[in-house]
Amino acid sequence: MTAVGVPPTTTSFDLGPARALSCRECGHETPLAPEYACLECFGPLEVAYDFGRVRREDIEAGPRSIWRYRGLLPVPSTVESHPNTNPGGTRLVEADRLAKALGVRKVWVKDDTGNPTHSFKDRVVGVALAAARELGFKVLACPSTGNLANAVAAAAARAGWQSVVLVPSSLERAKILMTAVYGGNLITVDGNYDDVNRLAQELAAEHEDWAFVNVNVRPYYAEGSKTLGYEVAEQLGWRLPDQIVVPIASGSQLTKVDKAFRELGELDLVEQTPYRVFGAQATGCSPVAAAFKAGRDVVTPVRPDTIARSLAIGAPADGPYVLDAVRRTDGAIEDVTDEEVVEGIRLLARTEGIFAETAGGVTVATAKKLIETGRLDPDGETVLLITGDGLKTLDALGDRVGPKANVPPSAEAVLRALES
């Protein structure tokens with residue numbers, strides 16, 4: 001269950017404020033290392049910190065990237081001196097037209113399509129690469145549903161590392177091409193993401209110098225999602241939103257945004273105001289939503305069948321922790337059909353000029369459904385996380401959008417078409 005890529009004499013690492021790895025189940029702590037499972041109970045590990053004093057002014061003086069939060073992340077103090085894609089600093093859009101269409105008072109859209117490979121995955125890979133370099137790895141690798149493949153291939157190319165990327169052969173062509181162009185080792189696998197993930201775990205155990213970002217360095221990688229929460233709070237003027245809607249794949253993003261909000265409060269960087277976390281899934285892959293609705297603590301795996309392929313993880317590793325976070329904050333988890341996903345994409349595009357991939361359509365459509373069913377407060381300030389670019393999932397639109405008309409080259413024909 002471990003993969004070690006450093007000489008056995010190495011006993012300490014420069015990983016900033018990171019103190020240890022802590023089991024999320026039993027609380028047992030182990031020294032910082034390339035490990036991801038507790039040796040006591042086999043529960044998942046996450047990073048524990050000694051932050052010391054963290055000030056707003058020090059963060060604000062930092063670079064316009066996730067490295068402004070390096071004092072809150074498990075990365076070396078010299079992280080900026082090594083080649084990285086430097087993700088983060090994406091815009092928070094005041095979405096008044098979308099808010100009006102949804103029938104709510106205030107909506108903000110966190111538009112993470114502006115990252116280097118056009119998804120939030122650049123954040124987690126940036127942290128994973130920085131930690132992997134310190135831990136002694138030589139190859140950057142991953143199993144992926146698409147966006148992570150893009151981010152790993154690009155980050156490895158930027159750093160001068162080799163990459164090994166495994167994806168389902170059914171992945172959207174745009175995401176396959178966008179991964180292949182960076183020149184790494186892209187392997188397509190006959191099977192779904194869960195099949196690919198199992199294969200990655202086998203390879204991680206056999207190749208000690210391969211950093212599978214979401215397997216053997218997962219505790220560090222996952223912390224990158226916290227930067228979404230940090231940025232939202234800072235961009236709101238160092239305060240927390242009333243409610244936030246987060247898409248669920250593995251579930252790690254939702255749990256880490258929640259962790260970020262809690263850390264900011266504990267460090268007195270924001271006032272510890274109440275906030276509610278809502279999860280969004282596609283009906284064709286909604287095991288966490290099903291568990292929430294049934295009042296269960298156990299997430300039963302499913303076989304994905306949805307156009308939202310970036311969320312198509314049938315056995316989400318963080319599913320139980322998503323349930324904990326949502327219930328603790330008095331939120332909810334909902335799912336939406338593929339047809340609703342497409343309508344969510346179109347609604348965001350026509351109201352705010354933001355073209356989201358299918359995961360973004362899931363987020364918008366879920367917010368709409370939560371409002372209609374009275375679970376999301378229409379008077380609360382709401383943030384929607386849009387985590388990937390619509391150019392990656394053009395096939396999802398099919399023949400639903402296109403030209404209004406095809407006309408001969410005359411002004412009269414154009415005017416007739418506009419009147420029809």
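In what follows, residues are counted from 1 in the order of the sequence shown. Because the structure is a prediction, the values reported are computed rather than measured.
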Colleague: Between D111 and T90, is there a side-chain donor-acceptor contact under 3.5 Å, judged purely by atom types and distance?
Modeller: no
Colleague: Would you check if there is a donor-acceptor pair between the side chains of D122 and T85 at a distance under 3.5 Å?
Modeller: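 The answer is no; no qualifying pair exists.
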Colleague: Quick one: side chain to side chain donor-acceptor pair (under 3.5 Å) pairs with a partner in residues 163-178, sequence neighbours left out?
Modeller: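 The answer is S169-D190, K175-E357.
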Colleague: Quick one: do the E94 and W108 side chains pair a donor with an acceptor below 3.5 Å?
Modeller: no
Colleague: With no hydrogens and no angle check, do the side chains of Y321 and K256 hold a donor and an acceptor under 3.5 Å apart?
Modeller: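 The criterion, which ignores hydrogens and geometry beyond distance, is not satisfied for K256 and Y321.
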Colleague: Would you kindly say whether Q243 and T382 are connected by a side-chain donor-acceptor distance under 3.5 Å?
Modeller: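 On atom types as modelled, these side chains qualify, holding a pair under 3.5 Å.
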Colleague: Going by salt bridge (charged side-chain N to carboxylate O under 4.0 Å, His left out), name the residues that satisfy it together with E80, two or more places apart in sequence or in a different chain.
Modeller: R70
Colleague: Any chance you could lay out the salt bridge (charged side-chain N to carboxylate O under 4.0 Å, His left out) test for R68 and E231, step after step, and finish with the verdict?
Modeller: CA-CA 10 Å; R68 72 197 283 114; E231 280 186 17; over 6 Å; no
Colleague: Will you find, in the side chains of S77 and D14, an N or O donor that is under 3.5 Å from an N or O acceptor?
Modeller: yes
Colleague: Hey, does Y220 have a side-chain heavy atom less than 4.5 Å from the side chain of V213?
Modeller: no
Colleague: Have T227 and R123 got a donor and an acceptor in their side chains that come within less than 3.5 Å?
Modeller: yes
Colleague: What I want to find out is whether R218 reaches E46 closely enough, with some N-O distance under 4.0 Å, to be called a salt bridge.
Modeller: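 Looking at E46 together with R218, the answer is no, because their closest N to O distance does not fall below 4.0 Å.
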Colleague: Do any N or O atoms from the side chain of T337 and from the backbone of E340 form a donor-acceptor pair under 3.5 angstrom?
Modeller: yes
Colleague: Can you list every side chain to side chain donor-acceptor pair (under 3.5 Å) pair that touches residues 281-291, not counting sequence neighbours?
Modeller: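 Sorted result for residues 281-291: T283-D335.
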Colleague: Can you tell me which residue pairs pass the ring pair (Phe, Tyr, Trp, His ring centres under 6.0 Å) test with a partner in residues 175-198, sequence neighbours excluded?
Modeller: none
Colleague: If you measure from the Lys or Arg side-chain nitrogens to the Asp or Glu carboxylate oxygens, is any gap between R53 and D268 under 4.0 Å?
Modeller: no
Colleague: Taking atom types as modelled and ignoring hydrogens, do the side chains of D112 and N115 form a donor-acceptor contact shorter than 3.5 angstrom?
Modeller: yes
Colleague: Under the salt bridge (charged side-chain N to carboxylate O under 4.0 Å, His left out) test, which residues partner K100, sequence neighbours left out?
Modeller: none
Colleague: Any ring pair (Phe, Tyr, Trp, His ring centres under 6.0 Å) pairs touching residues 50-97, not counting sequence neighbours?
Modeller: Y49-F51, Y69-Y230
